[in-house]
Peer 1: 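There's a structure below that I have some questions on.
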Amino acid sequence: MRSRAALRAASRGLRSQLDVRGKVAVITGANSGIGFQAARQLAAAGATVVLACRHPGRMAEAARAIRSKHPDAIIDEVAIDLGSLRSVRAAASAIANRHPHVNILINNAGMIGEPGWRTLDGFETCFGVNHLGHFALTGLLLDRLLAAPEARIVTVSSTAHRVAHLNPQDWPNPRVNDIYRAYAASKLANLLFAYHLHRQITAAGVVMRSIACHPGWVATQLLSSKPRSARRRAGVAALRAIGAIVGQEPEDGARPLLLAAAADVPSGTYLGPTRWWRTRGPVGLEQSSADSQNASAARLLWDLSGELSGVEFAQLAAPAVAGHAVQQAEVRNLGELWAASNYWTTEPVSLILPDGAELTVRSATADDTAAVEQLHQRCSSRSRQQRYLGGSTPAPGRLRRLLDPPRGLTLLATAARAEPGQPVAMANLVAEGDEGEVGLLVRDDWQRRGVGTELLRRLLQYAEDAGYRALVIHTEAQNTPMLRTVARLNRSITIGRDGSIVRMILPLTDGTPRGR
Ligand SMILES: NC(=O)c1ccc[n+]([C@@H]2O[C@H](COP(=O)([O-])OP(=O)(O)OC[C@H]3O[C@@H](n4cnc5c(N)ncnc54)[C@H](OP(=O)(O)O)[C@@H]3O)[C@@H](O)[C@H]2O)c1
């Protein structure tokens, strides 16, 4: 716990960075915890703050608490129950009537319910409140956001998103009896939404930012529910006790939200505390799970959320992308669509590295031969030797086969900004029987930035989906970065050594294709 003096000093420091005077900031769940602290600090820094809360009494209490500390605070109050789409519509039109523009929308409210709980519209509560309500609110306020010079939409997720498995068949009602899994799934949905919104903004060419963040571990009311079962009550009590010891103050938990709302942070990024397993400490750029960056899944969720809520983001509608006709089909069975969308071969996915750099990952074709030759030329001879185990760079004919293998997959990571379209890394999986042999080449200036790990993770997923029994990786014994990259996959590995060459085998499935 930090002393009051330390908190006051930190908050003064942050406030001086918040250039929000005269801006309109809407924040959901602003009566409690992290949302309250974010609202208070934005008001203290001169923003007009719209508290958007479920209980009018608690909201009025929060407004009073802010005014008592900051008598000049400009505060508006709008009642909203994110579990009722009707209430969301009423709140959005109240905000739009009172404010010609909205500069900052912070989608903060969140809850963990009980198994079987449903929103007023009949959706599982975490999905309905944490994701769908915010999706609808954002879409309904889009005109007002577009009326501001460079609006920001901040979506509050959680490190809990990492334990969620991407399972579009489970939207909107996860078939889990574990409410924490439902919560984690809703926090994954928050990220899929924030990233897809970023992609829509970019495609539409509008000036606006979608930024995601998480607060770390903060002692708040989030775990205040009193579950029916004694076992779950004990679990909640234990989590609360741990939270009271290791959790940050809500004031610190609000920092990522405030930086996302006002600091110089690019759209499409994810911010959060960087220390103690991301529970606390200085705020920095974060990397979210591979699932959260799955652009196909994000598009499905976007379309489904539009259908369920009846809210369209027409102002951001971009021309349909070739190769995605399947997405425009009437969607009734998400599972079928998921299986039908050729995830591995058609879908470029954007990837944000921990240092904030943006890449696109896509499958290669023989047409990439010239660009990949250039990639080889721009790698040091040491990197090329490590990739080809001392052998020479493949001639164009072999390179073409490597890029478009009869069985297997080659992924390219291409730079998004500085050198658009230029490959900076290549990962090959060439099938031999029911095993896949993997090779990795990363341009020297992109090494140690997480690119190799991401490419390898995707190849691993591809191999599992396709039903390979194992992945095999040969590398030089002194190629420590490659050994570390493989270790980061956290899989069981059998290691053998033949002189200076190490052979790593990652056992996978029983050989049955899992499909997608
Ligand atoms: N605390 C953490 O360690 C932690 C970690 C990761 C992420 N987060 C995220 O941080 C955000 C804020 O949570 P917190 O920790 O500050 O929890 P909190 O103190 O419980 O605040 C949650 C807020 O959301 C509001 N809310 C809940 N259901 C709502 C609904 N149906 N409609 C409108 N508002 C609703 C609550 O209103 P009422 O007061 O009326 O219930 C409350 O104002 C959440 O998105 C949470 O997932 C928190």
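Start at 1 with the first residue, then count along the sequence. We count ligands from 1, going down the list as the structure has it; atoms in each ligand are counted the same way.
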Peer 1: Would you mind finding which of H161, Q37, R54 brings a heavy atom closest to atom 29 (C) of ligand 1?
Peer 2: R54

Peer 1: If we only consider heavy atoms of T28, is any one of them less than 4.0 Å away from an atom in ligand 1?
Peer 2: no

Peer 1: Taking N or O atoms only and a 3.5 Å limit, does G35 qualify as a polar contact for ligand 1?
Peer 2: no

Peer 1: Give the single entry among G216, G110, C213 that approaches atom 22 (C) of ligand 1 most closely by any heavy atom.
Peer 2: G110

Peer 1: Would you confirm whether S288, through its side chain, and S292, through its main-chain N or O, come within 3.5 Å as a donor-acceptor pair?
Peer 2: no

Peer 1: Quick one: which ligand 1 atoms are inside 4.0 Å of a heavy atom on V156?
Peer 2: 9 (C), 10 (O), 11 (C)

Peer 1: Output yes when a side-chain donor or acceptor of Q37 lies under 3.5 Å from a complementary backbone atom of E249, and no otherwise.
Peer 2: no

Peer 1: Do any nitrogen or oxygen atoms of R58 come within less than 3.5 Å of a nitrogen or oxygen of ligand 1?
Peer 2: yes

Peer 1: For V218 and ligand 1, does the shortest N/O to N/O distance drop below 3.5 Å?
Peer 2: yes

Peer 1: Does R152 form a side-chain contact (heavy atoms from CB on, under 4.5 Å) with M208? I'd like the steps, not just the answer.
Peer 2: CA-CA 6 Å; R152 296 191 186 203; M208 196 186 264; over 6 Å; no

Peer 1: Using 30° and 60° as the class limits, which term best fits the ring planes of W302 and H196: parallel, tilted or perpendicular?
Peer 2: tilted

Peer 1: Please confirm whether P215 comes within less than 3.5 Å of ligand 1 when only nitrogen or oxygen atoms on both sides are compared.
Peer 2: no

Peer 1: Does any N/O atom on N31 come nearer than 3.5 Å to any N/O atom on ligand 1?
Peer 2: yes

Peer 1: Which is it for H214 and ligand 1 at heavy atoms under 4.0 Å: side chain, backbone, both or neither?
Peer 2: neither

Peer 1: Would you check the N or O atoms of M111, main chain and side chain alike, for any that come under 3.5 Å of an N or O of ligand 1?
Peer 2: no

Peer 1: Side chain, backbone, both or neither: which part of T119 has a heavy atom under 4.0 Å from ligand 1?
Peer 2: neither

Peer 1: Applying salt bridge (Lys or Arg N to Asp or Glu O under 4.0 Å) as the test, list every pair that has at least one member in residues 90-111; sequence neighbours left out.
Peer 2: D76-R98

Peer 1: For the pair S267 and H198, evaluate side chain to side chain donor-acceptor pair (under 3.5 Å) and give the outcome as yes or no after the intermediate values.
Peer 2: CA-CA 6 Å; S267 183; H198 161 65; 2.8 Å; yes

Peer 1: If you measure from atom 18 (P) of ligand 1 to every heavy atom of S32, P256, G33, G253, which option wins on shortest distance?
Peer 2: S32

Peer 1: Return a table of donor-acceptor pairs under 3.5 angstrom between the side chains of residues 132-146 and protein atoms on other chains or two or more places apart.
Peer 2:
residue: H134; atom: ND1; partner: N130; partner atom: O; Å: 3.0
residue: H134; atom: NE2; partner: T28; partner atom: OG1; Å: 2.9
residue: T138; atom: OG1; partner: N107; partner atom: ND2; Å: 3.1
residue: T138; atom: OG1; partner: H134; partner atom: O; Å: 2.7
residue: D143; atom: OD1; partner: Q315; partner atom: NE2; Å: 2.8
residue: R144; atom: NE; partner: A96; partner atom: O; Å: 3.1
residue: R144; atom: NE; partner: H99; partner atom: O; Å: 3.1
residue: R144; atom: NH2; partner: A96; partner atom: O; Å: 3.2

Peer 1: Could you tell me whether ligand 1 has any atom less than 4.0 Å away from a heavy atom of C53?
Peer 2: no

Peer 1: Any donor-acceptor pair under 3.5 Å linking the side chain of N108 with the backbone of I27?
Peer 2: no

Peer 1: Under 3.5 Å, N or O to N or O, is S158 touching ligand 1 that way?
Peer 2: no

Peer 1: Under a 4.0 Å heavy-atom limit, does F36 contact ligand 1 with its side chain, its backbone, both, or neither?
Peer 2: neither

